[in-house]
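Have a look at the structure below before the remarks.
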Amino acid sequence: MSFDLKNIISIRDFSKSDINYILNLANELEPIANSKQVCHDLDGKLLGVMFYEPSTRTRLSFETAMKRLGGDVIGFNQKQGTSIQKGEVLYDTAQIISQYSDAIVLRHDMEGAARFISNNVDVPVINAGDGAGQHPTQTLLDLYTIHKNMGGINNIKIALVGDLKYGRTVHSLVYALAMYNVEMIFIAPAELQMPPEIINDLEKMNCKFRMSKTLYDNIDDIDIIYMTRIQKERFPDAQEYNKVKGEYTLSAKNIEDSDVIVMHPLPRVDEISFDVDKLPNAMYFKQAFNGVPVRMALLDSLIEK
């Protein structure tokens with residue numbers, strides 16, 4: 001089994017074989033991510049991070065992944081203090097970072113930014129989120145979490161809840177899940193349902209899915225709840241955001257008699273109560289950790305040794 005992708009831009013660039021390769025390698029690398037072993041695969045290599053939008057888990061897990069592999073990290077996590085403030089365009093900034101590093105991780109508010117950069121630099125580019133577009137590495141760690149908890153990805157039923165319109169995490173995830181034998185339930189207010197173009201794609205892929213506005217009628221019938229935050233920053237109109245915020249909130253009493261797995265890409269606001277954290281089926285913090293071995297697998301596969 002081999003991995004031939006040169007850049008990580010969209011989960012749609014992956015074959016099922018590519019996904020399985022990364023998940024298997026992540027499992028092999030997990031002892032290193034847990035500090036139980038030491039790795040020198042990327043000694044002397046540098047990862048350039050370019051984060052134009054705020055990030056905690058994605059940025060820190062990439063930095064952790066690179067350092068666990070023996071490499072180091074350069075770059076920025078905000079526009080302040082860089083030449084971007086002077087008007088430097090994305091193309092020029094990426095050209096400079098590519099001169100200093102062996103791979104680039106880019107988070108940007110513009111859809112398509114990562115693909116644009118990947119076509120214009122000579123090092124591998126990893127999309128760490130582009131606006132409301134794609135977040136492929138989040139999808140891979142989500143699949144890794146599902147696999148570890150369910151013993152595989154086939155024959156499961158998953159409810160994706162909340163902001164399905166603007167949520168780049170779910171946009172990537174549904175395309176990956178469509179490669180497996182999975183049933184998806186899209187639970188969202190009408191204003192935030194899955195975009196029509198994605199629905200059309202899923203229909204062409206003969207994927208099994210349905211839509212709903214109600215979470216609690218479905219809990220006993222599903223294996224995984226994938227909660228998402230209503231993203232205020234993506235709404236062009238504050239009044240539209242106020243209409244839907246707090247629409248879905250999951251608390252311990254809703255699932256205390258259930259073994260349904262609860263996932264969330266984080267950060268959360270009010271959609272998961274803190275009392276859920278103590279339940280054995282709350283997997284979102286472990287999910288965040290899983291970003292380290294998965295991103296280690298990607299970096300180890302992409303960067304020339």
| field | Side chain to side chain, Met184 and Leu173, heavy atoms closer than 4.5 Å | value | no
| Arg107 side chain vs Gly129 backbone, donor-acceptor pair below 3.5 Å | no
| Spatial distance of atom CG (Asn290) from atom CD (Glu30) [nearest 0.5 Å] | 6.0 Å
| Taking side chain as C-beta onward, heavy atoms only, is Gln193 less than 4.5 Å from Met211? | yes
| said: Return the CD1 to OH distance between Ile146 and Tyr180, rounded to the nearest 0.5 Å. | reply: 9.5 Å
| query | Considering only heavy atoms from C-beta outward, does the side chain of His135 approach that of Thr58 to under 4.5 Å? | reply | yes
| message | If we ignore hydrogens and angles and just use 3.5 Å, is the side chain of Asn281 paired with the main-chain N or O of Ser258 as donor and acceptor? | response | yes
| From Lys16 NZ over to Met179 CE, what is the distance, rounded to the nearest 0.5 angstrom? | 9.5 Å
| message | What I'd like to find out is whether the side chain of Leu25 reaches to under 4.5 Å of the side chain of Ser301, using heavy atoms alone. | response | yes
| request: Taking the side chain as every heavy atom from C-beta outward, state whether Glu271 and His264 have any atom pair closer than 4.5 Å. | output: yes
| query | Do the non-hydrogen side-chain atoms of Val294 and Thr137 ever get within less than 4.5 Å of each other? | reply | no
| said: Using modelled atom types and a 3.5 Å cut-off, is there a donor and acceptor pairing between side-chain atoms of Asn149 and backbone atoms of Thr145? | reply: yes
| query | Using 4.0 Å as the upper bound for N to carboxylate O, is an ion pair formed by Arg210 and Glu183? | reply | yes
| query | Hey, does Glu53 have a side-chain heavy atom less than 4.5 Å from the side chain of Arg59? | reply | no
| said: Against the six-membered ring of Phe62, is Arg295 placed for a cation-pi contact (under 6.0 Å from the centre, within 45° of the normal)? | reply: yes
| said: Taking side chain to side chain contact (heavy atoms under 4.5 Å, CB included) as the criterion, tell me which of Thr228, Val174, Ile187 meets it with Leu160. | reply: Val174
| message | Over 60° means perpendicular and under 30° means parallel, so tell me whether Tyr52 and Phe76 are parallel, tilted or perpendicular. | response | perpendicular
| Would a distance-only check, ignoring hydrogens and angles, find a side-chain to backbone donor-acceptor pair under 3.5 Å from Lys45 to Glu304? | yes
| With a cut-off of 6.0 Å (strictly less than), are more than 12 heavy atoms of other residues, nucleotides or ligands near CG of Asp122? | no
| said: Assess, by modelled atom type and distance only, whether the side chains of Asp142 and Thr139 contain a donor and an acceptor separated by less than 3.5 Å. | reply: no
| Is the shortest heavy-atom distance from the side chain of Met110 to the side chain of Phe116 under 4.5 Å? | no
| said: Does either side chain, that of Glu88 or that of Thr93, offer a donor lying less than 3.5 Å from an acceptor on the other one? | reply: yes
| task | Using atom types as modelled and distance alone, determine if a side-chain donor or acceptor of Asp223 lies under 3.5 Å from a backbone N or O of Ile158. | result | no
| field | Whether His171 side chain and Leu164 backbone form a donor-acceptor pair below 3.5 Å | value | yes
| task | Check each of Val260, Ile185, Asn254, Ile261 against Ile225 using the side chain to side chain contact (heavy atoms under 4.5 Å, CB included) test, and report the only one that passes. | result | Val260
| Distance only, no hydrogens: is a donor on one side chain within 3.5 Å (strictly under) of an acceptor on the other, for Asn20 and Ser17? | no
| message | Donor-acceptor check, side chain of Ser273 to backbone of Asp275, threshold 3.5 angstrom: yes or no? | response | no
| Passing candidate, side chain to side chain contact (heavy atoms under 4.5 Å, CB included) with Ile8, options Pro136, Ser118, Pro124 | Pro136
| Is the number of heavy atoms from other residues, nucleotides or ligands within 6.0 Å of CD (Glu197) greater than 12? | yes
